[in-house]
Structures are given as C-alpha cells and as structure tokens.
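One structure is given here, and the rest of the page talks about it.
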Amino acid sequence: MIPNIDFLSGLNDQQKQAVTAELGHVLVLAGPGSGKTRVLTHRIAYLITQMYLPPSNILAVTFTNKAARVMENRLENLLGQKPEGIWLGTFHSICARILRREAEHLGFTSNFVIYDDDDQQSLIKTAIREMNIDEKMFRPASIRSVISAAKNNMQTPDDLTSRTYREEVNLRVYRRYQELLRASNALDFDDLLNEAVNLFAANPAVRDRYSRRFREVLVDEFQDTNTAQYQILRHLGITGNSLFVVGDEDQSIYRWRGADYRNVQSFERDYPDSKKILLEQNYRSTQMVLDAARAVIDHNINRTPKRLFSDNGRGETITVYESVDDKTEAEYVAETIRNNINVKQWKGSQVAVMYRTNAQSRLLEESFLKANLPYRLVGAQRFYGRREVKDIIAYLRLVYNPSDEVSLARVINVPTRGIGDKTVAALQQHAHDLGISSGEVLAGLGRQGQESPHFPNFTARVANGLADFGANLISWRDANTKGIPLTQLVQRILDDIRYEDYIDDRTEEGHQRWENVLELMKIALEFDDRGLDEFLERLALVSDQDTLAEDVEAPTLLTLHAAKGLEFPVVFITGLDDGVLPHSRSLDDPEEMAEERRLLYVGITRAKDRLYLTRADRRSGYGSYENCSPSRFLKDIPSQLVLRQGLIAPTRVGRSPFKQRTESYANWTTPSPSYGTFRPAPRQQKQQVEQRFPANCRVKHEVWGEGLVVKSVLEDGDETVDVFFDTVGFKRLAASLARLEIVP
DNA sequence: CAAAGATCGCTTTTT
DNA sequence: GCGATCTTTG
C-alpha cells in the first residue's frame with residue numbers, strides 16, 4: 001500500500017469528518033451530487049492505509065452492480081492497486097456468496113440456481129396448474145407480486161392468514177411455490193436476502209464469524225434497504241463492529257420493492273451513539289437546477305430538511321417543452337439534441353433522455369433513428385431477456401443443477417425433439433411419484449436406455465426421445481465435471497442440439513438471434529477459466545441495467561430509476577404528464593405520490609448544466625390516443641426558472657415571444673378549453689405557397705436573432721418552419737407571420 | 001405433434 | 001399494438 005497519499009486533500013469539512021470518523025456507527029446523509037461515492041471510496045482507502053485495517057475486514061455494499069464496479073475502479077485508482085480480500089458487491093451477490101459457503105447449514109445445496117422474475121412466474125404457473133386453479137381468475141403475475149410482497153416483509157406462508165378465498169388461494173400457491181423452489185434447488189431474489197437472515201438467526205456461531213470478520217461494513221444507498229437487508233446489517237453489527245451507511249431519504253425510489261427510507265430513522269434509533277453527518281454542498285449542478293429540484297421535493301413531508309447549495313453559478317434557464325402528442329415530443333428531443341450537437345458542439349455522450357416507463361423508449365428510439373442519431377439504451381430487456389439467450393442459459397443451468405425444473409421445462413423441447421406437453425406432464429408425474437427430479441429420470445434413461453426401470457413408463461417412441469435427451473445431459477455434465485473450458489461446453493451444447501439451424505431461419509431476425517447467441521459466447525469467454533458456477537451467478541445477478549457501453553459517443557436513453565447515481569451535463573425528462581409522472585397507479589396513495597416526486601427529484605438532480613422537461617397533450621396508449629394534462633409537479637417549479645416552448649399555435653409564437661416567458665405554471669387551470677387538442681390558428685386564405693426557407697438555410701428573426709432551419713413544411717396555405725436559434729434554441733414559426741429573412 | 005392463424009389482455013419502476 | 005395463449009389445420 002502507498003501510505004503517503006493524502007486522502008483528505010480536496011475534501012470539504014463534512015466530507016473529511018465522514019472519511020476520518022472513528023470506527024463506530026456513522027450515518028451520512030448525502031444530497032445529490034455531494035460527493036457520496038467519493039466519501040465512500042476515500043473512507044475505504046483511509047481505513048486501509050491510515051488505520052491499517054486489512055481489506056479483508058471490509059465489506060462494502062452497493063445497490064447495483066454498476067455502482068460496485070465504479071467503486072472498485074475508483075479504489076484501484078486511489079490505492080494504485082486492487083485491494084485484496086475486500087468484499088464489494090450488491091446485497092444480493094454478497095448474500096449468494098455467503099449462502100453458497102454455508103449451504104451445509106441450510107435446506108439446499110451450494111449449487112443452487114437463482115430464479116429471476118420470469119422463472120418465478122413459470123414456477124408459479126406450474127403450481128397453479130398442479131392445483132387445478134383457474135389461471136384466468138388467479139393470474140400468475142398477480143400471485144407473483146403478492147408472494148414477492150410477502151417475502152419483502154419476510155413473511156413465510158406460516159406467518160400469513162387468509163380472510164378471503166382469494167387470499168386463501170394466494171397462500172396455497174405461495175406454499176406450493178416454495179416447495180417447488182426447494183425441489184428445484186433454487187432461490188429467488190427475495191430468498192437470497194431472507195435465507196441469509198435466517199442463516200444468521202439460526203446459527204449464531206456462523207453469524208459471529210461474519211460479524212467479526214467485517215470490522216467495517218459500508219452501505220451505499222442506505223435509504224433503499226428493505227427489512228431483510230436491514231436485518232442483515234443488524235446481525236453483522238452484533239459483535240460491535242462498525243457500520244458506515246450513506247443515503248438520502250429524498251432519493252428513495254424502491255418502495256415497491258420493499259425499500260423503506262424510514263430505515264434511516266431506525267438506524268438513529270437502533271444506534272443511539274451514532275454520528276450523523278450532512279453533506280449539503282452540491283458539486284454537480286447549477287443553482288437553477290438545484291432550485292427546481294428543491295421546489296419539487298419540498299412538498300414532501302417526513303424528511304430531513306437539507307439546504308443544498310452550489311458554487312457552480314446560476315446556470316441556464318430550464319426549458320419546458322409541450323407538444324401536441326408523444327410522437328412530436330420524441331421528435332423534439334431528438335432534433336434538439338441533433339441540432340445542439342451540430343451548433344453548440346454538445347457531445348452525444350453528455351446527454352441523457354429519461355422516462356418513467358420503459359414503454360416510452362420506443363417512440364424516442366424511432367425519432368432518434370429518423371434524426372440519424374445513434375443512442376444507447378439502458379435496460380428494457382435488450383439482451384438477457386431474449387428468447388435465444390434464455391434458452392442457452394437454461395441449458396447451462398440444467399447442466400449445473402439437474403434439479404432445475406424450470407430450466408428443464410424450458411429446453412426439453414427446444415429445438416423440437418418430439419417431446420410435447422403431454423410427455424412432459426407424464427415425466428413430471430412419474431418423477432413426482434418417485435420423489436425425485438425430472439432431471440434424474442432423464443439421466444437414468446440416458447444412462448441405461450431400454451434397461452432403465454423408467455423406460456416401461458412411456459411408449460417406446462417417447463421413452464427413446466427422452467433417453468436421447470438424457471444421454472446428452474449426461475455427456476455435458478461429465479464434460480463440465482472434467483473441467484472443460486466454458487466456451488467449449490457451450491459450443492458442444494450448441495453443436496449437439498443444432499441450435500444455429502433452429503434459431504437462424506435465414507431471415508433478418510434469425511441472423512440477429514444467432515448473433516445474440518454469439519454475443520453470449522463472448523461473455524462466456526471471460527469466464528473460461530472461472531467456470532460455469534461464476535458465469536451463472538453473473539448472469540443471474542448482473543442485469544441489462546448494468547450493461548452501459550462506456551465508450552460510445554451517443555446520448556443515453558434510460559428510466560428514471562436506472563438514472564440514479566449517474567450524472568449528465570444535459571438531461572431531458574420526458575412525459576411530464578399526470579398519469580405518466582406521477583404514474584396513474586400512484587395517484588390515489590400519498591406515499592406512492594411522494595415516491596413519484598422523489599423520482600422526478602432524482603431525475604432533475606442528474607443534470608449538471610442544462611435541463612429540459614417535456615410533455616404532450618395526447619399519448620398513444622393501447623393503440624388509441626388519450627388526452628393528458630400537465631404533471632402536477634410542473635406547477636411546483638417557479639416560473640422564473642422556466643422558459644416555456646411549444647404547443648402554441650404558430651402565429652402566437654411569432655407575435656408574442658415574451659408571453660411564454662412570463663406565463664407561470666402556477667396560474668394554470670387545467671384542463672383549459674384551448675388546451676387538449678391541437679388547433680392551428682385559422683387562416684384567411686388557403687392558397688399554394690412556395691417554400692422560402694428550406695432546411696439547413698440560415699435565417700434571421702427580429703427578436704431571436706439568427707438560427708438554422710431544421711425543417712420546413714408546406715401546409716394549410718402557409719409554410720411552417722422549425723428553426724434552431726443560436727440564442728434561444730428551438731422554435732416553430734409560421735413563415736407568413738414571423739418575418740424571417742434569409743441570411744446569406 | 002408442430003406450425004400457422006385468431007384472440008385475448010394488459011403496461012411501473014428492478015436486484 | 002404487442003406478446004402470450006388458444007384454435008385450427010396439416
């Protein structure tokens with residue numbers, strides 16, 4: 001280690017206090033952009049080099065894998081080398097690691113697989129069918145959320161009572177689901193946390209071992225911990241070790257997943273000796289952005305008031321753009337970005353476009369394509385959710401853990417090998433009767449063929465089909481046990497099942513599907529010497545949200561949730577309409593509404609310099625249009641911070657440029673009569689006009705100065721010109737009224 | 001049993 | 001307006 005680096009230079013007083021706090025219980029309340037990650041990494045570096053705490057005595061928990069990676073890199077930069085032995089990862093990955101080590105104390109073996117939501121739902125469906133419950137009445141998706149909610153509260157089936165028939169069914173399915181999970185030697189995401197708590201609660205010796213080992217436990221995004229996570233911290237703190245938690249109640253956005261920002265308050269209650277440090281200086285945003293953010297968040301109650309301030313100057317006015325519909329909104333975003341890249345030399349990677357729901361990304365993607373702008377999309381099931389990728393993963397999981405019924409059901413007839421639903425049902429029934437897994441029956445058939453005791457249970461044709469598949473499974477498993485490199489194992493499976501022939505049907509999509517398989521191979525290559533277990537763990541716990549190509553020079557499209565922890569010079573937040581943000585499902589619950597508000601707060605505070613908020617009067621829902629009114633949060637932003645644009649009939653734009661600047665959202669009555677439908681101003685004469693201001697020519701306006709024509713269309717006997725002005729940005733004008741002149 | 005066509009039902013956010 | 005599920009046909 002390098003002891004002579006001064007880890008404290010460049011830190012403000014509060015940051016210094018946090019970094020150098022004595023081992024104990026420390027709560028750091030860190031506003032957005034206040035150097036939270038910096039504090040965490042410097043704290044770790046300080047402990048290692050100044051306090052001589054061995055890295056192996058440190059556990060650092062982050063909320064996403066991305067955040068863990070960032071922290072790892074920064075630590076390496078600070079220390080000049082990777083700290084050996086430190087545990088750094090998400091709660092889920094840390095728990096998985098502990099559970100695999102301590103499987104002997106648990107009701108499953110260390111090669112358990114981790115089920116994601118899809119797997120969870122298939123298993124619930126299996127349970128429902130098994131119990132002859134009507135799938136229409138009791139939807140697997142809704143039962144899944146009930147089960148998950150119970151698990152988030154650490155409630156087992158035994159902890160629940162049922163008052164209605166529906167609750168009774170939910171409970172029975174929950175019970176059966178849990179049995180099926182264990183029979184498959186599988187844990188779902190919630191189990192990872194809950195089983196870790198159970199492990200510690202039931203085995204004090206094990207608990208103390210970990211508690212003593214981790215003399216300092218650091219937790220990032222503490223406001224988003226749930227009951228189980230908080231319990232884990234309690235257990236780890238049992239031997240009096242040090243807890244250093246960093247969070248911000250105002251950025252708690254995972255209530256629906258069981259997160260409880262009141263854990264921040266519980267911490268102070270449970271550790272009365274704890275030291276509280278507030279980080280209020282913001283190093284990220286302009287004052288304009290902070291003022292807007294504060295105006296939004298100040299409406300929430302039950303929070304520690306913070307006074308965020310910044311030295312970054314006043315900054316540029318926030319643009320609020322309103323459009324007739326969501327398509328126009330998306331086009332505005334793409335065109336504004338493209339123009340600013342051309343005119344103001346924005347770099348694509350400095351820009352982020354955020355939205356409430358993933359579904360909103362589609363129109364944005366289309367408009368980016370149309371504007372010829374590359375983009376990078378975070379999440380939304382781009383890769384790991386694809387059928388072909390999931391197929392291959394299921395094969396690998398089955399090789400790793402023969403009991404995995406969900407994976408077996410998924411691949412047993414992919415590619416089709418004549419094993420239909422009836423055969424699968426018969427196989428499962430037979431296995432169930434013998435009290436073994438379907439995989440074991442298959443293996444028996446594969447090993448002994450016609451000699452197998454299972455053989456007579458099926459018709460010869462079916463039994464042979466099953467035996468062939470079983471033989472394949474055995475050979476892959478043997479190969480894996482002998483330790484062949486991962487990529488060779490994958491290659492062998494692909495060859496044996498002729499997957500390319502199956503998946504690539506020589507259409508464009510077919511080629512793409514095969515490309516995805518090859519992409520998975522590429523990832524497998526990184527794990528060639530680490531093995532199948534680590535590969536599967538990574539696939540289970542590292543999501544699409546973590547796959548952000550760092551070095552692409554393009555704007556980022558992402559949900560507000562995915563934006564947490566990131567920052568961008570320019571931020572667009574789209575869909576500022578009631579029903580979208582706040583989301584319609586939140587409107588009737590004050591707690592949910594408070595969370596929607598925090599979500600917008602998180603979005604706004606991602607912006608360093610420039611913030612755009614956009615909305616639309618009409619949005620396409622299920623295929624038809626729905627009218628929208630402006631988000632109630634918009635009204636909370638003081639009008640002097642805002643420049644309003646768009647949704648003003650072209651004529652009015654030309655005539656009263658200052659009206660828009662002074663009009664305040666606070667004065668709005670919505671829905672106002674002139675609002676809701678797009679009505680171009682009536683025109684006296686409808687005659688053919690000629691195009692005078694073609695795209696890409698430069699024009700001059702008496703008020704706004706010079707600008708570049710982006711688009712010009714002839715309609716209704718007038719020419720509508722979209723101009724990007726050098727000073728005020730994007731405007732839509734009617735050529736007959738705007739008195740534009742061409743600049744040579 | 002598999003592929004192609006018809007119909008239903010639903011959209012929040014993610015480890 | 002999409003994907004998962006049901007229905008029909010070969």
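Letters A, B, ... are given to chains in the order of the sequence lines, protein chains preceding strands, and every chain is numbered from 1. Atom set for the values below is all heavy atoms of this structure, side chains included, hydrogens, waters and symmetry mates excluded.
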Touch class at under 4.0 angstrom, heavy-atom based, for A/K125 against every strand present: sugar-phosphate

A/R144 vs A/K136, nearer the 5' end of DNA chain B by closest nucleotide: A/K136

Watson-Crick or G-U wobble partner of B/dA6, both distances under 3.5 Å: C/dT5

Interatomic distance where CG belongs to A/D589 and C1' belongs to B/dT12 [whole Å]: 14 Å

A/W256 ring over B/dT13 six-membered base ring, under 5.5 Å and 30°: yes

Salt bridge flag under 4.0 Å for residues A/E329 and A/R619: yes

Side-chain-base donor-acceptor pair under 3.5 Å for A/R585 and B/dT12: no

Nearest-Å distance for atom pair CD/C1', residues A/Q121 and B/dG9: 13 Å

For atom CG of A/D421 and atom P of C/dT7, their distance in whole Å: 14 Å

Any donor-acceptor N/O pair under 3.5 Å between B/dT15 base and A/H92 side chain: yes

Side chain of A/T416 - closest among B/dA3, B/dG9, B/dT14: B/dA3

Residue A/E596, side-chain atoms from C-beta onward, closest of B/dG9, B/dT14, B/dT12: B/dT12

Selected nucleotide, minimal atom distance to A/T559 side chain, candidates B/dT12, B/dG9, B/dT13: B/dT13

Sugar-phosphate, base or nothing in reach of A/F91, heavy atoms under 4.0 Å: nothing

Under 3.5 Å donor-acceptor, A/S145 side chain and A/S142 backbone: yes

Atom-to-atom span, CZ of A/R597 to C1' of B/dT13 - whole angstrom: 18 Å

Rounded interatomic separation in angstrom, taking CZ from A/R139 and P from B/dC8: 12 Å

Note: A/K36-A/E221 ion pair, threshold 4.0 Å (strictly below): yes

Contact under 4.0 Å: A/N358 side-chain N or O vs B/dT13 OP1/OP2: yes

Sugar-phosphate only, base, or nothing, as touched by A/N413 at under 4.0 Å among non-hydrogen atoms: sugar-phosphate

Separation of B/dA2 P from A/I412 CD1 (nearest whole Å): 12 Å

Sugar-phosphate, base or nothing in reach of A/S145, heavy atoms under 4.0 Å: nothing

Pairwise C1' distance for B/dT13 and C/dA4, with rounding to whole Å: 22 Å

N/O (side chain, A/T423) to phosphate O (OP1/OP2, B/dC1) under 4.0 Å: yes

Separation of C/dG3 C1' from A/R362 CZ (nearest whole Å): 12 Å

Proximity of A/H561 and A/Y254 rings by center, below 6.0 Å: yes

A/K327 atom NZ, neighbour heavy-atom count above 12 within 6.0 Å: no

Out of B/dT14, B/dT12, B/dT15, whichever nucleotide has its closest atom nearest the side chain of A/Y254: B/dT14

Atom-pair distance (CD on A/E592; P on B/dT13), nearest Å: 14 Å

A/Y499/A/Y502 aromatic ring centres below 6.0 Å: yes

